[in-house]
2 protein chains.
Amino acid sequence: MVKESAANGGLEWRINMPDGSSKILVPERVPRTRVCGGLQGFFMGFLSKFWGFILKAWNIGLNDPKKFIHCIKVGLALCLVSLFYYMRPLYHGVGGNAMWAVMTVVVVFEYTVGATLCKCVNRAIGTCLAGALGVGVHWIASKSGERFEPIILQFSVFLLAAAATFSRFIPSVKARFDYGAMIFILTFSLVSVSGYRVEKLFELAHHRLSTITIGTSICIITTMLFFPVWAGTELHNLIRNNMEKLADSLDGCLADYFSNEVNTDNIKNEARNKILLGYKCVLGSKATEESLANFARWEPAHGGFNFGHPWKEYLKVGASLRSCAYCIEALNGSINSDAKVPDVLKAHFSKFCLRLSSSSSAVMKELSAVISTMTKSTNIDLIVQEMNNAVEELQNALKSFSEQSTTSLTVSNGTGDAKASLALVQIVPLVTVSSLLMEIAARTEKIAEAVNSLANKAEFKVESDEKSKQSQNPKVLTR
Amino acid sequence: MVKESAANGGLEWRINMPDGSSKILVPERVPRTRVCGGLQGFFMGFLSKFWGFILKAWNIGLNDPKKFIHCIKVGLALCLVSLFYYMRPLYHGVGGNAMWAVMTVVVVFEYTVGATLCKCVNRAIGTCLAGALGVGVHWIASKSGERFEPIILQFSVFLLAAAATFSRFIPSVKARFDYGAMIFILTFSLVSVSGYRVEKLFELAHHRLSTITIGTSICIITTMLFFPVWAGTELHNLIRNNMEKLADSLDGCLADYFSNEVNTDNIKNEARNKILLGYKCVLGSKATEESLANFARWEPAHGGFNFGHPWKEYLKVGASLRSCAYCIEALNGSINSDAKVPDVLKAHFSKFCLRLSSSSSAVMKELSAVISTMTKSTNIDLIVQEMNNAVEELQNALKSFSEQSTTSLTVSNGTGDAKASLALVQIVPLVTVSSLLMEIAARTEKIAEAVNSLANKAEFKVESDEKSKQSQNPKVLTR
């Protein structure tokens, strides 16, 4: 039997045994503290994780303050549109449907001006088209008797929804009108189906159109007037930065290969690695480029860009950059392979390889300056010619190497036969690096062609005496 | 003066000159036919363009009938949800707000089950969270006097909308809860702002929740019961197909290089080019893989995949495939370069190169069979070993080449010096191809490791006597 008794002001459990003796149960104090500790640990773990998450998020914003500004813009647009609820005349003006204006703002507001405009236009066109069609179908259905009405309505919803859904699979439609197709389905179903109950279809259409107009105008005004983020400028800068990253990557890669010192400074190593792996950004930027180019087409003239700016040309430059990046990735692979090249050979070739890589990256840097300043370069032909000379020199070096090796390298190696064998096998990594460098040079020329075509179509200025002024401040235009 | 007179039943224009004479104006008949012709031409051009567009769209569907089925499913789901409008008890049950159910279906229905589930869950969670928060904020605001009410409401909308918008920039949130964050902003603004007018907030919340439940249930049922398209299966098949494409590309590339015959059959050429350029699909599939893996995590067990299937491992396999594709792209570049290799040299090396490439592609094909049948292969170590042997043989061939060249190639070339020079310069493309092949072999081994890790984590079956049965029908499981 267990009995509870209050002794000394505390709670006590006592077991009375059948033989008359009794035993006090002492509560184990350990579990309580253990539970507390466990809870505390869990809580602290959660807090530290949460704190880490917040810090990471904060850093994302610090690295690109435009993201903070975007958030503020969204809040601002929502506050503006919600004023409709507080001002009675406005509220009643749209038949109490101010909800649709709020919805429009939330759904349509995007990071770049182009994306916002694209969604606005899509929403407006989709709504109008589907609304008109919906009213038409509804009218036909109402004329065909009560029995056929739901059948016609249902069938039309099925057919048009299926067709519009299918159109979203077509690449050209998907790129421009994906959102519009969705809004088309939405509005058509709502109009043609709800029309069965709500008799005042035209009034509804009027309200919906005016709320959408209000919502989109607020979005467009907010996005274009307060620190606008233009998709075109973003694309322009992305391509220029990618070009610079590629040039730095190439330089870093080769410098790393031909310098024999091992760097033990961790911070330096990290920074170097970041530069070295810059080409990886280029490898994965296709989707971003395409969507930016798509949105840029919707944007009005801004900065140095006119309305009909040839955004597609940027995609071609991007593709040529990527094809060059593939080669740099292969180069990086063969540089990091285990095969070792004797230092004598490396020293012999380093001059030619480094000259070729630095002249290739010089071409890329000049091209990035062309894009950055939107000014045609008069030097570019010269620099490309220099690169081609470097290619020829490397080829000659390979050609003359076997002759040289028989003379100059004899010192370090044995008989003639062994020498020849050394020349071929041990030089394999060097030959690979050289021929990848030549391939990179060829692809760099393709980049130059693409940039040239962009410069012609976008009617870049011709470099003049002003050049010195601009080259001091090359980023003024686009930052 | 111009006078119109009806003569002989026809219309006639006559100019009466001041001198009394008159002149009949004969209408020029040419422009009318010209305008007609122009209009007809424009119309025909438009029609033929439109017809071409329709044909292209139709082919997209024919190539992947699942797209047709998806469209039918969307139509079906919309018809189902629109029944709410026709059945009075249902319609009144949700307070006449059946519109939200239709909206939910249109917005939430996606191509794959995973994407649909993801959006459903996001919509539900976002709505509940924002609804609760909105009601809370609204309650606080209503307690703080009429003057502060709009200020508190506006400020809370601004703050929460900005915070939720910012969360969409964080990669981990964006991948899973992007849509949820948007719905959160939407619902919160609607509830906290509209609450200022509409007094029956709880009833509204109830209706909104029930309509969303109805919409999402219809979506989930339609997407899962009628020909479901699982994101997991799509990812699985994509990776397997990419692997096969890569193997075919590699084989085709090398075969093309070492066969000297020029193919003039255009149809054959096109088919061959399609195989050759298969690696390009792999280069650009990163975004697709990532979104599929993201959606696959939301899916319940289906086919051979359990709920906790290691979808992330597929991404690793995909990354290793891509790194191999970069090398194949560089290989393709150096194969298509202008540098010609003497046929004697080519013939000498073709055996080794072809053996290496075919053993690499054999590894890939075996790995794709592993993924396809979800059965661990007992052969794979053997095949990888064979590939490594082929690498060694190629290396030996390069090693022994210089010795051989002095003997066997003397016939075709002049003096010893010229011979050595030939050996190095003319062999450059071959050396590059060989060393890229070796790099590809190394990366193929990385693919094997990734697939192995996948097989372990996903607990693939161990190959047994049943193998013969399965290998006859390797695609039953996944098609």
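Throughout, protein chains are lettered first and strands after them, A, B, ... in sequence-line order, and every chain is numbered starting at 1.
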What is the minimum heavy-atom distance between [X] and [Y], and which atoms define it?
X	Y	value
A/Met99	B/Trp100	CE-NE1, 4.0 Å
A/Cys71	B/Thr165	SG-C, 4.0 Å
B/Ala161	A/Gly75	CB-CA, 4.4 Å
B/Tyr326	A/Glu329	CD1-OE2, 3.1 Å
B/Ile72	A/Phe158	O-CE1, 3.6 Å

Heavy-atom pair count under 4.5 Å with chain B, highest-scoring of [options]:
options	result
A/Arg168, A/Met438, A/Met182, A/Met103	A/Met103
A/Leu76, A/Asp64, A/Leu331, A/Leu283	A/Leu283
A/Val102, A/Val107, A/Val74, A/Leu186	A/Leu186
A/Ala330, A/Gly333, A/Gly61	A/Gly333

| said: For chain A, which candidate among B/Gly284, B/Cys79, B/Ala164, B/Cys327 shows the most heavy-atom pairs at distances under 4.5 Å? | reply: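 With the most close heavy-atom pairs to chain A, the winner is B/Cys79.
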| Which one, B/His70, B/Lys56, B/Lys73, B/Lys286, leads in non-hydrogen pairs under 4.5 Å with chain A? |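 The residue among B/His70, B/Lys56, B/Lys73, B/Lys286 with the greatest pair count is B/His70.
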Is [X] in contact with chain A via its backbone, its side chain, both, or neither, using a 4.5 Å heavy-atom distance?
X	result
B/Lys67	both
B/Ser172	side chain
B/Arg322	neither

| message | For A/Val173 and B/Phe53: C-alpha separation, side-chain torsions, deciding distance, then whether side chain to side chain contact (heavy atoms under 4.5 Å, CB included) applies. | response | CA-CA 11 Å; A/Val173 175; B/Phe53 179 79; 3.8 Å; yes
Is it the side chain or the backbone of [X] that comes within 4.5 Å of chain B heavy atoms, both, or neither?
X	result
A/Gln154	both
A/Phe109	neither
A/Phe155	neither

| A/Ser434, A/Ser435, A/Ser334 screened by side chain to side chain donor-acceptor pair (under 3.5 Å) with B/Thr432, the one that passes |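 One option only clears the test, and that one is A/Ser435.
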| request: Using the six-membered ring wherever Trp is involved, compare the ring planes of B/Phe166 and A/Phe68 and label them parallel, tilted or perpendicular (cut-offs 30° and 60°). | output: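 Rings of B/Phe166 and A/Phe68: parallel, under 30°.
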